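Here the structure is laid out as structure tokens; the discussion comes afterwards.
These numbers come from the heavy atoms of this one structure, side chains and all, not from hydrogens, waters or symmetry mates. Keep in mind the model is a prediction, meaning the values are calculated, not measured.
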Amino acid sequence: MKPESCPAVIMATHFHEIFEFGGFSTEKPPHFAHMKVEINDSTSIGDDPLTYLFTIQRGRSSSSFGEQCATMNGVPNAVVSRAKAISSIIDRDGDLAASCATLSQTEQIRLETAEEVARRFISYEIGAGELPREVAEATKMLSNLLS
């Protein structure tokens, strides 16, 4: 049993939701604090955009700095950009499912091409005795299918 004067400490990075949605019950309300960080958006590629000030500041952090941390740790730019876009949708209480269901023009073209190839494959009729006997014949059939 801990003495009454002993503080209870919980340290977390991205799990503030446990306090918002009743995942953690307490008799006394929690006090939030975070490490102060300075962001320099004009850093060169490869430079650290974050400066850790090693100062405790009252309240919750306004950002997880996930984008900066991911970039600093070599996560590919395409992944960081997609995560940033999804995070922005969530921050605005947007419809994530609808937003993610929207295809780019390139994705739409790839999907239509794949659908056309699949439809050709399904409609391609090969009789029981008509299986290709040689690699060249099979290659020709597949070439016709994909053209």
Side-chain angles (χ1 to χ4, degrees), residues 1-126 132 135-147:
M1 184 159 184
K2 79 176 186 152
E4 220 25 64
S5 61
C6 182
V9 175
I10 293 180
M11 298 190 70
T13 56
H14 299 85
F15 303 109
H16 302 288
E17 292 82 5
I18 64 172
F19 298 103
E20 294 173 1
F21 303 117
F24 181 78
S25 62
T26 178
E27 293 174 15
K28 298 179 183 177
H31 298 280
F32 294 99
H34 64 277
M35 252 333 172
K36 193 170 182 180
V37 176
E38 196 172 85
I39 302 173
N40 182 358
D41 290 326
S42 62
T43 58
S44 301
I45 294 174
D47 290 341
D48 190 346
L50 298 178
T51 302
Y52 299 93
L53 301 177
F54 299 101
T55 304
I56 298 279
Q57 193 168 28
R58 289 186 184 272
R60 292 167 68 169
S61 176
S62 61
S63 174
S64 71
F65 307 108
E67 178 187 347
Q68 291 86 357
C69 291
T71 300
M72 289 169 21
N73 288 290
V75 174
N77 287 338
V79 174
V80 174
S81 295
R82 182 70 173 145
K84 183 178 178 182
I86 290 172
S87 181
S88 176
I89 292 166
I90 292 169
D91 289 345
R92 293 188 321 263
D93 291 327
D95 185 345
L96 188 58
S99 297
C100 289
T102 304
L103 299 176
S104 70
Q105 183 177 4
T106 302
E107 292 169 326
Q108 184 67 37
I109 290 169
R110 289 180 66 198
L111 180 63
E112 289 170 1
T113 301
E115 181 181 5
E116 179 61 30
V117 169
R119 288 184 184 281
R120 285 183 190 169
F121 178 76
I122 290 170
S123 67
Y124 205 74
E125 292 186 28
I126 300 176
V135 173
E137 191 177 345
T139 303
K140 183 178 179 186
M141 290 173 73
L142 288 173
S143 179
N144 290 339
L145 177 66
L146 297 173
S147 61

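Between the side chain of Thr113 and the backbone N or O of Ile109, at least one donor-acceptor pair lies under 3.5 Å. Under a 3.5 Å cut-off, the side chain of Thr71 and the backbone N or O of Glu67 do form a donor-acceptor pair.
Minimum heavy-atom separation, Val37 to Leu50: CG1-CD2, 3.7 Å. His34 and Arg58 get closest at one heavy-atom pair: CE1-O, 3.9 Å.
Within a 6.0 Å sphere centred on CD of Glu107, heavy atoms belonging to other residues, nucleotides or ligands number more than 12. Residue Asn77 qualifies as open at atom CG: its count of foreign heavy atoms under 6.0 Å is 12 or below.
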query = For Thr106 and Arg110, what are the C-alpha separation, side-chain angles and deciding distance, and is it a side chain to side chain donor-acceptor pair (under 3.5 Å)?
reply = CA-CA 6 Å; Thr106 302; Arg110 289 180 66 198; over 6 Å; no
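Within the 4.5 Å cutoff, no side-chain heavy atoms of Thr55 are placed close to those of Met35.
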